[in-house]
**Student:** 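I have a structure I would like to understand better, so I am pasting it below and will then ask my questions one at a time.
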Amino acid sequence: QQQVKQSPQSLIVQKGGISIINCAYENTAFDYFPWYQQFPGKGPALLIAIRPDVSEKKEGRFTISFNKSAKQFSLHIMDSQPGDSATYFCAASYNNNDMRFGAGTRLTVKP
Amino acid sequence: DGGITQSPKYLFRKEGQNVTLSCEQNLNHDAMYWYRQDPGQGLRLIYYSQIVNDFQKGDIAEGYSVSREKKESFPLTVTSAQKNPTAFYLCASSLRGAANEKLFFGSGTQLSVL
């Protein structure tokens, strides 16, 4: 059963715009929420991660917003660039052996 | 160059055949994982290993087998019992397999059925 629900399935954004991907989780025991970026034909790579003791984490153009009471978290990509076009996965875990992934969002940034 | 090497990049399986996917890491990581990726779905855990000669089933282990004879290597065999093997298979590793560790992924193997 899917414990992490991700939306939208696909997203098209103009260059310079803001990309927003949302995830919701069910298991309140989750305490680690990473985002992975995957380019076609490649394995995912860790982009940014957050713990539930903070509500926001920013690294460059990438920001995670976390709402513990709503059991939701989101990825914001500011000033989106064509090179950001990839599939993004949210995930949640309380130990590495039980990491649950969302279904993925295919982002296309148009020039 | 440190990392995870998966081979082959593409693999074709005939009906009734077992095939083995290779995964090698030179990161000196204790923990290794196999995930299956299907279009429109998240990654699902097949098997994981935190130490040599020990491994545990993930959510979808049926029809798969693994071995961990060396720290660097974690091959996955897709057996004939796996009736729907077509998928993208990803190998990953982490330092100790503890909570909140970064997963390092290989570039994957696309398995298709002839």
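A, B, ... follow the sequence lines: proteins, then strands. Residue 1 opens every chain.
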**Student:** May I ask you to check whether over 12 heavy atoms, not counting those of B:Arg13, lie within 6.0 Å of atom CZ?
**Tutor:** yes
**Student:** Under 4.5 Å heavy-atom distance to chain A, tell me which part of B:Asp38 shows up: side chain, backbone, both or neither.
**Tutor:** neither
**Student:** Taking a hydrophobic cluster as the set of Ile, Leu, Val, Met, Phe, Trp and Tyr residues connected by side-chain heavy atoms closer than 4.5 Å, whether directly or through intermediates, do A:Phe33 and A:Leu75 fall within one such cluster?
**Tutor:** yes
**Student:** Does atom NZ (B:Lys9) have a neighbourhood of more than 12 heavy atoms from anything else shown, all under 6.0 Å?
**Tutor:** yes
**Student:** Chain B contacts: which residues in residues 77-87 of chain A have a non-hydrogen atom closer than 4.5 Å to it?
**Tutor:** none
**Student:** Could you name the residues of residues 40-55 of chain A that have a heavy atom within less than 4.5 Å of a heavy atom in chain B?
**Tutor:** A:Gly41, A:Lys42, A:Gly43, A:Pro44, A:Leu46, A:Arg51
**Student:** Quick check: closest heavy atoms across A:Ala103 and B:Gly40, and the distance to 0.1 Å?
**Tutor:** CB-O, 3.4 Å
**Student:** Taking atom CD of B:Glu62 as the centre, report whether more than 12 heavy atoms of other residues, nucleotides or ligands fall under 6.0 Å from it.
**Tutor:** no
**Student:** Can you say whether A:Asp31 sits under 4.5 Å from chain B via the side chain, the backbone, both, or neither, judging by heavy atoms?
**Tutor:** both
**Student:** For B:Gln41, which atoms come within 4.5 Å of any heavy atom of chain A: side chain, backbone, both, or neither?
**Tutor:** backbone
**Student:** Tell me, for B:Tyr35 versus chain A, whether the close heavy atoms (under 4.5 Å) come from the side chain, the backbone, both or neither.
**Tutor:** side chain
**Student:** Transitively linked via ILVMFWY side-chain contacts under 4.5 Å: A:Met99 with B:Trp34?
**Tutor:** no
**Student:** Please round to the nearest 0.5 Å and tell me the distance separating atom CZ of A:Phe101 and atom CG of B:Leu43.
**Tutor:** 5.0 Å
**Student:** Should the heavy atoms of other residues, nucleotides or ligands under 6.0 Å from CD of A:Glu59 be counted, would the total exceed 12?
**Tutor:** yes
**Student:** Tell me if the CG atom of B:Leu95 is crowded by more than 12 foreign heavy atoms within 6.0 Å.
**Tutor:** yes
**Student:** If hydrophobic clusters are built from ILVMFWY residues whose side chains come within less than 4.5 Å, do B:Tyr64 and B:Phe88 share one?
**Tutor:** no
**Student:** Can you get from A:Phe30 to A:Ile21 by hopping between Ile, Leu, Val, Met, Phe, Trp and Tyr side chains that sit under 4.5 Å apart?
**Tutor:** yes
**Student:** Please determine whether residues B:Tyr89 and B:Tyr47 belong to a single hydrophobic cluster, defined as Ile, Leu, Val, Met, Phe, Trp and Tyr linked transitively by side-chain heavy-atom distances below 4.5 Å.
**Tutor:** yes
**Student:** Quick one: what part of A:Phe89 sits under 4.5 Å from any heavy atom of chain B, side chain, backbone, both or neither?
**Tutor:** side chain
**Student:** Could you grab the distance from atom CG of B:Leu103 to atom OH of A:Tyr36, nearest 0.5 Å is fine?
**Tutor:** 4.0 Å
**Student:** Enter the distance from B:Phe105:CZ to A:Gln38:CD here, rounded to the nearest 0.5 Å.
**Tutor:** 8.5 Å
**Student:** Is B:Gln50 in contact with chain A via its backbone, its side chain, both, or neither, using a 4.5 Å heavy-atom distance?
**Tutor:** side chain
**Student:** Heavy-atom distances under 4.5 Å only: say whether B:Gln56 touches chain A with side chain, backbone, both or neither.
**Tutor:** neither
